[in-house]
*Asks:* 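Could you have a look at this structure, given as structure tokens, before my questions?
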Amino acid sequence: MVIGIIDSGKGGLAVAKKIKSKEDQLIILLDQGFFPYGNKSKEVLLKRAFYLSTYLIEQGAELIVLACNTLSILAYSFLKYNLKVPVIGVFDYFKPYLTSNHTLIGSKTTISYAKENYPVKVIDGTDFIEAIEKKKDVNFYLEELKNLKTDLLLLGCTHFLAISPSSYPIPTLNQIPMLLEDIKKAREISSS
Ligand code: DGL
């Protein structure tokens, strides 16, 4: 299956590395000119996501993966009804985990959406995300997490997947296992 992947930068690459398989061909769109997505309006990102997805479909994509939590929150519903191929948005996988004993770290858009709709605690990860994108030292941000009192840290930005899971000083959750399951299902449907 040909899978089109969209993110504002390093998160897309991190997701692509984790879902890479012999069965699929990946087309990875790292929209670095628009980084960060976290400070853009819904209107801007909806248009952008539609434009990029349409481009990927023209290139042969049979499945679009919004490998970005921010874009998933703002554009998934619209794309689901307006594209001619299936779409996966990574944020939805977190929904059962957005509880008061967990903490979500992500872009401003991601954390304000989560805070308005769920009892989860949130941390603004804007500077940490930028440090990853611009290849700056991230030790300061990892150190700060040591003091966090939470059962689980939800990595609500795919950029955080660019860092090895063992570098996080507390237990974390990311959406890759759930994403892999859904890709497997999409592959089965497309080959049947
Ligand atoms: N990888 C994006 C996400 O998962 C980065 C956010 C941004 O570009 O601000 O939300």
Side-chain angles (χ1 to χ4, degrees), residues 3-20 26-53 56 64-80 87-95 97-98 102-118 120-136 138 141-142 145 152-165 167-168 172-180 182-183:
I3 306 176
I5 297 174
I6 306 175
D7 180 51
S8 61
K10 292 259 155 56
L13 204 56
V15 170
K17 280 184 186 160
K18 294 192 189 288
I19 66 171
K20 200 170 105 191
L26 304 182
I27 312 177
I28 310 158
L29 226 159
L30 307 182
D31 195 14
Q32 290 171 306
F34 260 60
F35 177 87
Y37 279 168
N39 69 2
K40 309 279 183 304
S41 70
K42 178 169 182 168
E43 198 193 357
V44 166
L45 289 180
L46 264 185
K47 280 189 195 151
R48 189 73 186 158
F50 186 69
Y51 169 74
L52 298 176
S53 308
L56 286 170
I64 300 293
V65 174
L66 300 176
C68 172
N69 293 270
T70 312
L71 218 51
S72 303
I73 289 168
L74 297 180
Y76 171 71
S77 309
F78 178 79
L79 296 180
K80 188 176 157 194
V87 188
I88 293 176
V90 290
F91 187 76
D92 272 10
Y93 298 123
F94 275 143
K95 289 188 175 168
Y97 299 94
L98 299 171
H102 295 161
T103 304
L104 173 80
I105 181 166
S107 73
K108 284 201 168 56
T109 300
T110 301
I111 59 164
S112 34
Y113 170 81
K115 220 173 143 186
E116 272 165 35
N117 297 286
Y118 298 89
V120 68
K121 293 187 202 75
V122 296
I123 303 178
D124 184 350
T126 305
D127 295 343
F128 190 4
I129 296 166
E130 181 169 331
I132 296 169
E133 181 65 29
K134 309 274 185 223
K135 285 190 185 159
K136 291 183 195 153
V138 294
Y141 303 101
L142 291 168
L145 293 176
L152 198 56
L153 179 67
L154 312 177
L155 300 180
C157 171
T158 49
H159 278 62
F160 298 133
L161 302 177
I163 298 173
S164 149
S167 304
Y168 289 93
T172 61
L173 180 83
N174 70 64
Q175 308 109 315
I176 297 299
M178 294 89 114
L179 176 60
L180 283 170
D182 276 352
I183 289 176

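Bear in mind that the values here come from a model prediction, so they are computed numbers and not experimental data. For this chain, numbers begin at 1 and follow the sequence in order. Just follow the structure's listing: the first ligand is 1, and inside any ligand the first atom is 1. Because only heavy atoms are used, hydrogens play no part in the values below, and waters and symmetry mates are left out as well, while side chains stay in.
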*Asks:* Look at the aromatic rings of His159 and Phe35 and report parallel, tilted or perpendicular, splitting at 30° and 60°.
*Replies:*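 The rings of His159 and Phe35 sit tilted, inter-plane angle from 30° to 60°.
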
*Asks:* Examine the proximity of ligand 1 to Thr158 and report which part, side chain or backbone, both or neither, has a heavy atom under 4.0 Å away.
*Replies:*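 Both parts.
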
*Asks:* Give me the residue, atom name and distance of the protein heavy atom closest to atom 8 (O) of ligand 1.
*Replies:*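 For this ligand atom, the closest protein heavy atom is Ser8 OG, 2.6 Å.
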
*Asks:* Could you find the nearest protein heavy atom to atom 7 (C) of ligand 1 and give me its residue, atom name and distance?
*Replies:*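 Ranking protein heavy atoms by distance from atom 7 (C) of ligand 1, first comes Tyr37 N, 3.3 Å.
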
*Asks:* Determine the minimum heavy-atom distance between Lys10 and Glu133, stating which atoms define it.
*Replies:*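 Here Lys10 and Glu133 meet closest at N-OE1, 2.8 Å.
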
*Asks:* Is it the case that over 12 heavy atoms from other parts of the model lie below 6.0 angstrom from the NZ atom of Lys95?
*Replies:*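 Counting neighbours around NZ of Lys95, more than 12 heavy atoms of other residues, nucleotides or ligands fall under 6.0 Å, so yes.
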
*Asks:* Check ring pair (Phe, Tyr, Trp, His ring centres under 6.0 Å) between Tyr118 and all other residues, then give those that pass, not counting sequence neighbours.
*Replies:*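 Ring pair (Phe, Tyr, Trp, His ring centres under 6.0 Å) check on Tyr118 returns nothing, list empty.
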
*Asks:* Considering non-hydrogen atoms only, spot the tightest contact between Gly38 and Ser107 and give its length.
*Replies:*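 For Gly38 and Ser107, the tightest heavy-atom pair comes out as CA-CB, 3.8 Å.
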
*Asks:* If you have a sec, work out which protein heavy atom is nearest atom 5 (C) of ligand 1 and how many Å separate them, to one decimal?
*Replies:*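 Scanning the protein heavy atoms, the shortest distance from atom 5 (C) of ligand 1 goes to Cys157 SG, 3.3 Å.
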
*Asks:* So, using ring pair (Phe, Tyr, Trp, His ring centres under 6.0 Å) as the criterion, who are the partners of Tyr141 when residues are at least two apart?
*Replies:*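 Here the qualifying residues are Phe128.
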
*Asks:* For atom 9 (O) of ligand 1, what is the nearest protein heavy atom, given as residue, atom name and distance?
*Replies:*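 Result: Gly38 N, 2.7 Å.
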
*Asks:* For ligand 1, which is the ligand I care about here, please tell me if Ser107 has any N or O atom under 3.5 Å from one of the ligand's N or O atoms.
*Replies:*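 Among all N and O atoms of Ser107, none is under 3.5 Å from an N or O of ligand 1.
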
*Asks:* For atom 6 (C) of ligand 1, what's the nearest protein heavy-atom neighbour? Residue, atom name and distance, please.
*Replies:*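 Here the nearest protein heavy atom works out to Thr70 OG1, 3.5 Å.
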
